Amino acid sequence: MRKIQAQGVHHITLMGADRKTSIDFWEGLLGMPFVFDQPNLDNPGEGHLYFDPGDGRLITVFTNEDRAADPTPRRPLPGEVHHIAFAVSKASFSQAVERLDERGVSHSGVKDRGFMDSIYFRDPLGLLVELAAYRFEPPFGYSHADVLHEAHRIRVERGDYNIAEIHLADAIEVLIARRQGSLSQDRAPKDPYNS
């Protein structure tokens, strides 16, 4: 059977609280520009706010002026969203704890994930939000997913529990060697005049 080939996330739509609370969180805290809004075309009693998470794609939020903020954690049921993660630079990540603390936002503190660092907190309606910063940059022409795929292969081959920085470094070396060889690694051709 033929596939319907996805080429990336188009947008994610979340349930939000009221308009002001939603704008304060997504743009005010997370710095996502508020791009445009319109009514929820499937429910005219709700607003539909559009934010740019930094890659030109969209995070959209359905708002309702009768929906009060309640960040109480909820245990997700099977099939529901557990959390949503946003990429941030190492420079921004290094400021995250201080900036969340300044706003009085309760958070997890920095979590070591081997190939990245994470920090977790709740949106105004209790959705778990993660800020994630990779510990590596992929070599030119490769994606983060390419490096992680190769690092996974190396980790499994070595019998290690999870991806660590050594696997990332070795994966990057493999990818660069795969993309471009080196003359010093090639066998020198025979000189026909000195045989």
Side-chain angles (χ1 to χ4, degrees), residues 3-108 110-111 113 116-134 136-138 140-148:
K3 299 176 185 176
I4 300 172
Q5 186 61 57
Q7 293 182 280
V9 174
H10 185 280
H11 71 277
I12 295 170
T13 300
L14 304 169
M15 298 304 290
D18 60 276
R19 179 184 174 89
K20 181 182 181 325
T21 300
S22 297
I23 293 170
D24 287 349
F25 182 80
W26 296 101
E27 184 175 51
L29 176 64
L30 295 179
M32 296 182 187
F34 179 27
V35 180
F36 73 97
D37 72 334
Q38 62 183 21
N40 175 350
L41 299 180
D42 295 319
N43 182 352
E46 292 185 336
H48 196 175
L49 311 183
Y50 292 74
F51 299 89
D52 178 351
D55 62 1
R57 289 180 168 82
L58 297 168
I59 296 293
T60 76
V61 179
F62 288 149
T63 62
N64 186 313
E65 295 309 302
D66 296 329
R67 216 169 13 237
D70 178 6
T72 305
R74 294 182 243 337
R75 185 179 184 109
L77 299 172
E80 292 184 337
V81 173
H82 181 272
H83 72 278
I84 186 167
F86 296 103
V88 296
S89 69
K90 287 297 281 179
S92 292
F93 190 86
S94 71
Q95 300 297 307
V97 168
E98 179 183 342
R99 293 181 186 196
L100 289 168
D101 288 347
E102 283 174 0
R103 291 176 172 264
V105 176
S106 179
H107 57 81
S108 65
V110 175
K111 300 289 184 181
R113 299 298 185 220
M116 68 181 190
D117 292 308
S118 298
I119 189 167
Y120 300 87
F121 53 96
R122 302 261 172 203
D123 88 341
L125 289 179
L127 175 66
L128 190 61
V129 175
E130 175 185 3
L131 300 180
Y134 284 116
F136 68 97
E137 285 300 318
F140 180 77
Y142 289 102
S143 68
H144 285 92
D146 295 328
V147 174
L148 291 169

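All values below were derived from every heavy atom in this structure, side-chain atoms included, with hydrogens, water molecules and symmetry-related copies excluded. Owing to the predicted nature of the structure, the values given are computational and were not obtained by experimental measurement.
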Can you confirm whether Leu100 sits close enough to Leu29 that some side-chain heavy atom of one is under 4.5 Å from a side-chain heavy atom of the other?
yes
Atom of Ala96, atom of Ile119 and distance for their closest heavy-atom approach:
CB-CG2, 4.3 Å
Determine whether a donor-acceptor pair (N or O, by modelled atom type, separation under 3.5 Å) exists between the side chain of Gln38 and the backbone of His48.
no
On a heavy-atom basis, which atom in Asp146 and which in Ser143 lie closest, and how many Å separate them?
OD2-N, 2.8 Å
Side chain to side chain donor-acceptor pair (under 3.5 Å) involving Arg67 - partner list, sequence neighbours excluded:
Glu46
Would you check, one step at a time, whether the test side-chain contact (heavy atoms from CB on, under 4.5 Å) holds for Phe62 with Asn43?
CA-CA 9 Å; Phe62 288 149; Asn43 182 352; over 6 Å; no
Taken to the nearest 0.5 Å, the spacing of Phe86 CZ from Ile59 CD1 works out to 4.0 Å
Given the options Thr60, Asp52, Asp123, Trp26 meets side chain to side chain contact (heavy atoms under 4.5 Å, CB included) only with Asp123
Check side chain to side chain donor-acceptor pair (under 3.5 Å) between Ser118 and all other residues, then give those that pass, not counting sequence neighbours.
Glu130
May I ask you to check whether over 12 heavy atoms, not counting those of Lys20, lie within 6.0 Å of atom NZ?
no
Using 30° and 60° as the class limits, which term best fits the ring planes of Tyr50 and Phe36: parallel, tilted or perpendicular?
parallel
If you measure from CG on Asn40 to CG on Asn64, what distance do you get to the nearest 0.5 Å?
10.0 Å
Can you name the closest pair of heavy atoms from Pro33 and Gly31 and give their distance?
CD-O, 3.3 Å
Would you say that Asp117 contacts Lys90 through its side chain, given a criterion of any heavy-atom pair below 4.5 Å between the two side chains?
yes
Closest non-hydrogen atom pair between Arg103 and Gly28, with its separation:
NH2-O, 2.7 Å
Distance, nearest 0.5 Å, that separates CZ of Phe25 from CZ of Phe121
5.0 Å
Nearest-0.5 Å distance that lies between atom CG in Leu125 and atom OG in Ser22:
7.0 Å
Can you tell me how far CD of Gln95 sits from CG of Leu131, rounded to the nearest 0.5 angstrom?
12.5 Å
To the nearest 0.5 Å, tell me how far Glu27 CD sits from Leu49 CG.
10.5 Å
Side-chain contact, heavy-atom cut-off 4.5 Å: His107 with Asp101?
yes
